[in-house]
Every structure is written in C-alpha cells, then in structure tokens.
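Sequence positions, counted from 1, serve as the residue numbers for this chain.
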Amino acid sequence: MASPRRARHSGPPDGGWGWMIVAGCFLVTICTRAVTRCISIFFVEFQAYFGQDYARTAWIHSIVDCATMLCAPLGSLISNHVSCQVGIMLGGLLASTGLILSSFATSLEHLYLSLGVLTGLGFALCYSPAIAMVGKYFNKRKALAYGIAMSGSGIGTFILAPVVQLLIEQFSWRGALLILGGFVLNLCVCGALMRPISLKEDCRTAPELLEQNYVPETEKQDLNQMSICSPLIKLWPHECLCYCSWKEYDFLLMPGFMVLAVSILFMAYGCSPLFVYLVPYALSVGVSHHQAAFLMSILGVIDIIGNITFGWLTDRRCLKKHRYFCYLFAVGMDGLCCLFLPVLQSFPLLVPFSFTFGYFDGAYVTLIPVMTADVVGTSLLSSALGVVYFLHAIPYLVSPPVAGWLVDTTGSYTASFLLCGFSMIFSSALLCFARLAKKIKRTRLQSLTGNSALKQHIWTNGAIAYSVTAELDQRDLEVLAVDTNSYSNSPDGHKH
C-alpha cells in the first residue's frame, strides 16, 4: 500500500490547508474530550440500572479518561510510523466499537472494558496526533490555531450535554450510547482531513544532526562515518534520511522537557478534582441544583473564550516572546482561584469564580501544545505531546479519589481545594525558577566566552566547534563558532 503523498514545505504554511487541519482537530476534540465529559450524564442511569454505589460507577469515567491519556504515546507512535490519517481513522473505529458494545452491557465490569478501556484507547489514537498536526501547519499563528482547535472541548460539551440527556429520555441509556457510537465514527472523516506534510525540520540529514547539541559525541562520529562512507544515502532521492527512528524520544533527556514534565504532573493533579467536586461543593453551601449546574455551564462557555482569546493574544508581537510567562500566569491564576474557593459560599460569589477559573483553564490548555513545541521543536511534537498527555493519566486517575478521601476524613472541601491550589501554584513556580536558572546560566556562559581559559578547551572539526567545559545551547555554539574561525585563520595558530 502506497504511503499518502506528502506536501513538502520549507516551513509551516500558516494557512491554506492548515485551516482544514484546525477544523479537523476541532471535531476531534468534540468527539473525544466532549464525549468523555458527557459520559458523566449516564452515571445516574448506570447506578440505578446496575444497583451499584457512586464510587464503583465513577470508575467508568476515570478509566476512559486515564486510558485516553495513558495510551497517548501509542497514538503518536502510529502517527509517526504509519500516518496520522491511519491512526485517527483506526481510533475512530475503536472508539465507536467501544460505545456500541457498551449499549449491550450487562454489568459494570463490561462497561469498564468496553466504555472505559476500548473507547479510551480509540480516543488516545486520535487526540494527540490531531493536535500535533496543527503544530506542523502553523508557526506565526500557532497559539490562535490551537485556541480554535482546543475550543471544541468546551463547545462540544455545551451542545452535547443537553442532547445526550434528551437521547437518554427518548431512547434509554442503551439507545443513547448506540447513537453516540455512530456520532464518534465522524473521527474517521476527521482523519481523512489530516493531509501529511513534510517540513525542512523533519528532513535533516546525518551531518545536519551533528549540529544538535543533544546528540552524544560517540554518535556524532558514527554519523560522520555514515555521511561520508555510505553511498546508499544518495539512492533515496524521495525520502529524507532520519537519524534512526528509535531516536525520536531523545527529547526525554532534554532538561527543559524534564522540568515541563514534572510541572505537568502537578498541574494535572490540581485541575482535575475541581471539575468533579464543584457542583457537590456548591450544593453543600446551599446553592440550588439548577444554580450549581449553571456554574458548570458558565465554566464551560468561558473555557471556550479563554481558548480563543488567549491564543489570539499570545500570537500578538508584544506577547509572542513571552508565551512562556503567559502560561505560568494562567496556571498560577487557576491555583489562586482554588485557594480562595473555600471562602466563596454563595452563588453570587461562585459565579465570578467560574468565570475566572474557566477563562484561565482554557488559556493554559491552549498553550500546552505551544509550550511543548517551543521546547522540543516541531519535528518531535507528535511524540512529545504523546508523552505530555500520558503524564496527565496518573493525576487524572488518582486526584479525584484522593480529594474525595480528604472530604470524607475532614468533613469539608477545604483541604481538597487547598491541595489543588498549591499543586497548581507549585507547577507554575517550578517553571518560573527553571527559566530564571537557564537565564543565569546563559549569562555566565556569555561572560565565559570572553575568557581565554575557556577557549583553550575548544577545537574545531570542519565548521563545528566542540567544548569539553560545558554543554552549550545553540546560541552559545554560534558565538563559539565565530571565535574558532578566527583561531584557525590566524598565522601562528593562536588567537590574538
């Protein structure tokens, strides 16, 4: 079977078919994240039909959410080695099959496997590859494109929630799941929209990889030999030579990605319980059922506004250089909202909370793929997003039960919300300290480049400079390259 023809570009086109990719990703987030949120509408029906308690029934939602994030690297793997189109279509078939089989369930265990594992696996094969494709098509307007694409979760929830409730009333929960199974098949259509694209960054040859400071020294020698001695390389005119496909997860050793990964764990732990316990908390302080449900509606709608407006704002020239700190600010603001939540004990006070938390939740969700792309680059974005969403899995699975245990133990929601708030603030502070440390290190390296003691440890190999004193980033390497050129051109072999 011939591989799909790839459009070749020197850089992301920032438009054209890219807007169809955004539309496809928008539909993918509706069919995956919005449908996952709507599964909670079935809880009362499942509990009444199977005669089980809330704790056992709640595991259905936890399993499908966890499976979606836990299997995200598998989706990236299929997308990288087969194609994004095949991965999303396969995921759509699996998710639809899981929902259809769930309509014939005879026990909760059946639902754990069909609705939880099988549907969650299908969603995993679709979610991260679709998001990664947006990053390949956009650079200058990347944040805006992600804002539009990720808003499908909020818009889908806002539309699907009443529709699903109506379907349950008209056709019972079995009929509603069957219809949802047919709806999720639209993921196959979304997959067909994901036209592959080859960027210059994806087409690096072996000598070019030597310039990447994360390639080990011994492997640089191997690549030099391969680029010089292997005539077979020239026999592949239509394909780019990649440095061993199994090296696509080299970014895991990047210090910047390690810090981002740890911060994602704390951020995911802090944000998850609030969506589960906001309505119960509102009911516990005397808010009516209708008003408590309205708080969630406000949060969902404002989440959409946060997706789009924050994406547009961070694409402006004045803020584009500071997207890193915009992300920190959004996560930190959500953490502060959680800290103040225990003292908000009336509906008029909870409404501003829903507005604020919803907006900044949508804001940082939009910037997660942008931040990841800034750290690892566009060529590794699909694999990196798979790992990032994989890191969401354990906090999503663990944090709601832990928060529930704290409520049962203390008799109030205060400890749960404080833990969520401090977790998100720690996530923001960790990234802030990492950026400050990197800036201090860069300043020291720039000062050391003027020190002759450092230059004695530099030698050249062609046009590339190596140093045993430190592992330098790309900007430092360029500065050293200028110095070493002067060194090699001097008559006596010494730099004056």
Sequence-distant partners of Tyr396, ring pair (Phe, Tyr, Trp, His ring centres under 6.0 Å), two or more places apart: His392
Minimum heavy-atom distance Ala95-Thr119, with the two atoms named: O-OG1, 3.6 Å
Sequence-distant partners of Ser172, side chain to side chain contact (heavy atoms under 4.5 Å, CB included), two or more places apart: Arg174
Pairing residues for Tyr327 by the ring pair (Phe, Tyr, Trp, His ring centres under 6.0 Å) criterion, not counting sequence neighbours: none
Test applied, ring pair (Phe, Tyr, Trp, His ring centres under 6.0 Å); reference residue, Tyr281; option that passes from Phe417, Phe353, Phe347: Phe417
Option passing side chain to side chain donor-acceptor pair (under 3.5 Å) with Asn307 (candidates Thr29, Asp361, Thr366): Thr366
Polar side-chain atom of Ser423 near backbone of Leu419 as donor-acceptor pair, under 3.5 Å: no
Partners passing ring pair (Phe, Tyr, Trp, His ring centres under 6.0 Å) against Phe183 (at least two apart in sequence or in another chain): none
Under 3.5 Å donor-acceptor, Ser79 side chain and Gly75 backbone: no
Output field: ring centroids Trp173/Phe46 closer than 6.0 Å: yes
Ring centres under 6.0 angstrom apart (Phe26, Trp19): no
Ring pair (Phe, Tyr, Trp, His ring centres under 6.0 Å) partners of Tyr146, counting only residues at least two apart: none
Ser96: side chain to side chain contact (heavy atoms under 4.5 Å, CB included) partners, not counting sequence neighbours: Ile100, Leu185
Worked check of side chain to side chain donor-acceptor pair (under 3.5 Å) between Thr309 and Tyr359: CA-CA 9 Å; Thr309 60; Tyr359 182 82; 3.0 Å; yes
Heavy-atom donor-acceptor pair, Ser102 side chain to Leu115 backbone, under 3.5 Å: yes
Polar side-chain atom of Ser153 near backbone of Met150 as donor-acceptor pair, under 3.5 Å: no
More than 12 heavy atoms from other groups under 6.0 Å of CD1 on Ile179: yes
